[in-house]
Amino acid sequence: MERLDNFIAGEFTPPVAGEYLENFEPATGEVLNLVADSDERDIAAAVDAAERAFPSWAATPAEERSRLLLRIAELLEQQLEEFALAESRDTGKPLWLARTLDIPRAVRNFRFFATAILHASSELHQTDTVALNYTLRQPLGTVGCISPWNLPLYLLSWKVAPALAAGNCVVAKPSELAPTTATLLARLCQQAGLLAGVLNIVHGRGSRAGAALVAHPSVRAISFTGGTQTGAEIARIAAPMFKKLSLELGGKNPMIVFDDCRFAEAVETAVRAAFSNQGEICLCSSRIFIHRRIYERFRSELLARARSLVVGDPLDPTTQQGALISEQHLAKVASYVELARAEGGTILCGGERVHLLGRCRNGWFFAPTLIEGLAPECRVNQEEIFGPVATLLPFEDEEELITAANGTPYGLAASVWTENLSRAHRIAERLQVGIVWVNCWMLRDLRTPFGGTKHSGIGREGGWEALRFFTEPKNVCIHLPRD
Ligand code: NAD
């Protein structure tokens with residue numbers, strides 16, 4: 001069986017302990033490959049390689065760093081099919097989605113930061129006639145990038161590309177549940193001619209390899225995307241060590257539909273926002289607030305659309321929803337449907353495991369699920385489920401709506417649907433989230449600040465925010481003597 005080894009100092013290296021984890025294909029429930037179960041010794045070797053590579057990478061002209069990142073993007077684009085297939089088999093997402101969303105976005109991430117670094121400039125402040133202050137933005141050194149399983153290469157490259165562009169060396173720890181494309185990326189970096197040690201990839205469990213990366217004293221910053229609880233654990237270790245921290249965490253995102261919305265578009269987007277990637281996107285809308293005047297009509301259209309979604313083999317082009325990442329995650333999602341029943345909710349559609357035939361007979365599939373009749377304060381409306389489950393909540397009064405929409409510990413994203421411009425601005429201004437989409441969802445511009453507030457995280461990714469995070473500002477003050 002294929003083994004995914006670590007990538008340290010430009011070489012594929014088995015884990016020191018010689019231990020591997022089984023990596024499952026969610027659509028079949030079978031083992032796909034084995035992935036290094038690394039520990040602190042592997043992390044130490046990777047950090048050491050990064051430290052050794054840092055002086056020459058930091059001194060490499062931005063134009064040359066840019067050229068190498070563009071080369072990576074180009075090779076990735078050429079190998080898109082292989083990467084998309086690996087991503088689909090690792091995660092259970094439809095192959096067409098990996099082909100049109102995940103891998104193209106990873107290509108864009110590399111291109112975006114490869115060119116952004118050519119336009120980066122620093123600030124100058126003239127202090128009357130007394131002094132000139134200018135700000136140097138220097139790379140940090142070795143940084144850690146820890147990413148989740150839901151958009152594996154998309155989110156890994158969203159961190160790695162700006163870190164490298166800014167002149168840092170990286171130790172990346174991909175999710176142990178979807179590690180394959182990270183290894184393919186390592187191979188591609190060799191092909192591109194990236195200096196050994198500039199990007200190192202250490203596989204393994206979060207509690208072992210991830211925790212060792214966070215705790216390593218030479219790692220200057222941690223850029224993390226994943227669950228809120230994990231983020232809290234990372235902050236607990238990293239904060240007393242004064243590491244820079246960027247935490248992109250969970251969400252419980254509201255979609256808010258007013259009665260003057262463009263109805264068909266809102267319904268169509270609600271289906272996408274709730275069920276894309278099996279609902280396993282941090283930005284997915286899991287609470288759909290619908291104005292009472294259109295509630296019945298919206299619900300029945302949405303239900304018809306959700307019921308008609310094809311749950312199937314991710315490799316089949318007609319499949320709209322694939323498998324959930326693991327059996328454990330499937331059980332978690334199912335437990336929330338049970339909880340919804342216990343809390344008095346009505347399951348309008350789905351709510352159960354889907355059993356397929358043939359290749360996927362043991363796969364971890366769950367039907368698109370819509371629930372109504374739950375109060376905003378109940379657990380199903382408060383906790384992140386991260387699966388194909390959304391609740392419908394009628395509303396009338398704008399004040400009550402805002403209170404309910406803001407009434408969770410999370411604050412990642414929201415989507416607001418209205419043709420009333422003043423209302424759109426007013427609501428956007430009052431929502432406690434990092435991102436508001438008006439009459440759209442997940443429409444992304446890589447220059448915009450991306451991230452959440454409250455328990456959805458701290459810091460922002462994207463554009464200059466990412467390049468600022470991965471650099472240390474240093475102010476130099478030059479006194480200008482008068483004589
Ligand atoms: P997770 O927190 O379990 O794992 C994320 C990564 O952290 C994995 O690589 C894991 O191995 C590692 N990890 C786990 N414990 C660790 C520890 N103690 N120290 C260091 N690293 C550790 O999350 P997941 O289940 O992979 O992903 C799902 C979660 O990610 C959801 O909550 C989702 O909302 C969130 N997410 C957020 C965003 C965002 O941009 N805000 C994007 C995607 C996913």
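All ligand and atom numbering here is 1-based and tracks the order in the structure.
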Ligand 1 atoms nearer than 4.0 angstrom to some heavy atom of Phe450 are 40 (O)
The atoms of ligand 1 lying under 4.0 Å from a heavy atom of Asn150, numbered in the order shown, are 43 (C), 44 (C)
Quick one: CZ on Phe469 to OG on Ser223, what's the gap to the nearest 0.5 Å? 5.5 Å
Compute whether any side-chain donor of one residue and acceptor of the other, for [X] and [Y], lie under 3.5 angstrom apart.
X	Y	value
Thr225	Lys159	yes
Asp90	Thr181	no
Glu87	Tyr154	no

Measure the distance from [atom] to every protein heavy atom, then report the residue, atom name and distance (to 0.1 Å) of the closest one.
atom	answer
atom 28 (C) of ligand 1	Phe386 CE2, 3.6 Å
atom 35 (C) of ligand 1	Gly226 O, 3.1 Å
atom 27 (O) of ligand 1	Pro148 CB, 3.3 Å
atom 42 (C) of ligand 1	Cys282 SG, 2.9 Å
atom 9 (O) of ligand 1	Ser147 O, 2.8 Å
atom 2 (O) of ligand 1	Thr230 OG1, 2.6 Å
atom 25 (O) of ligand 1	Trp149 NE1, 2.8 Å
atom 20 (C) of ligand 1	Gly210 C, 3.2 Å

Is Glu176 salt-bridged to Arg205, cutoff N-O under 4.0 Å? no
Below 4.0 angstrom, N of the basic side chain to O of the carboxylate: do Arg447 and Asp445 qualify? yes
Examine the proximity of ligand 1 to [X] and report which part, side chain or backbone, both or neither, has a heavy atom under 4.0 Å away.
X	value
Pro174	backbone
Glu248	both
Glu384	side chain
Leu249	backbone
Thr228	neither
Lys173	both
Leu151	neither
Thr225	both

Give a yes or no on this: more than 12 heavy atoms of other residues, nucleotides or ligands lie within 6.0 Å of atom CD of Gln229. no
From the options [options], select the one whose nearest heavy atom is closest to [atom].
atom	options	result
atom 17 (C) of ligand 1	Gly206, Ala172, Cys284	Gly206
atom 23 (O) of ligand 1	Gly227, Ala209, Ala212	Gly227
atom 10 (C) of ligand 1	Glu176, Gln229, Lys252	Glu176

Among Leu101, Asp102, Asn150, find the residue that satisfies the side-chain contact (heavy atoms from CB on, under 4.5 Å) test when tested with Lys93. Asp102
Looking at residues at least two apart in the chain, or sitting in another chain, which of them share a side chain to side chain contact (heavy atoms under 4.5 Å, CB included) with Ala9? Ala49
Across all chains, not counting sequence neighbours, the side chain to side chain contact (heavy atoms under 4.5 Å, CB included) partners of Thr408 are Lys252, Arg287, Gln382, Tyr410
Within 4.0 Å of atom 40 (O) of ligand 1 (strictly less), any protein heavy atom? yes
Min side-chain heavy-atom separation Pro14-Tyr20 under 4.5 Å: yes
Check for me whether Ala211 has a heavy atom closer than 4.0 Å to any atom of ligand 1. yes
Do you know the tightest heavy-atom contact between Arg460 and Thr453? NH2-N, 4.4 Å
With His329, the ring-ring contact (aromatic ring centres under 6.0 Å, His included) member among Trp364, Trp149, Tyr336, Phe24: Trp149
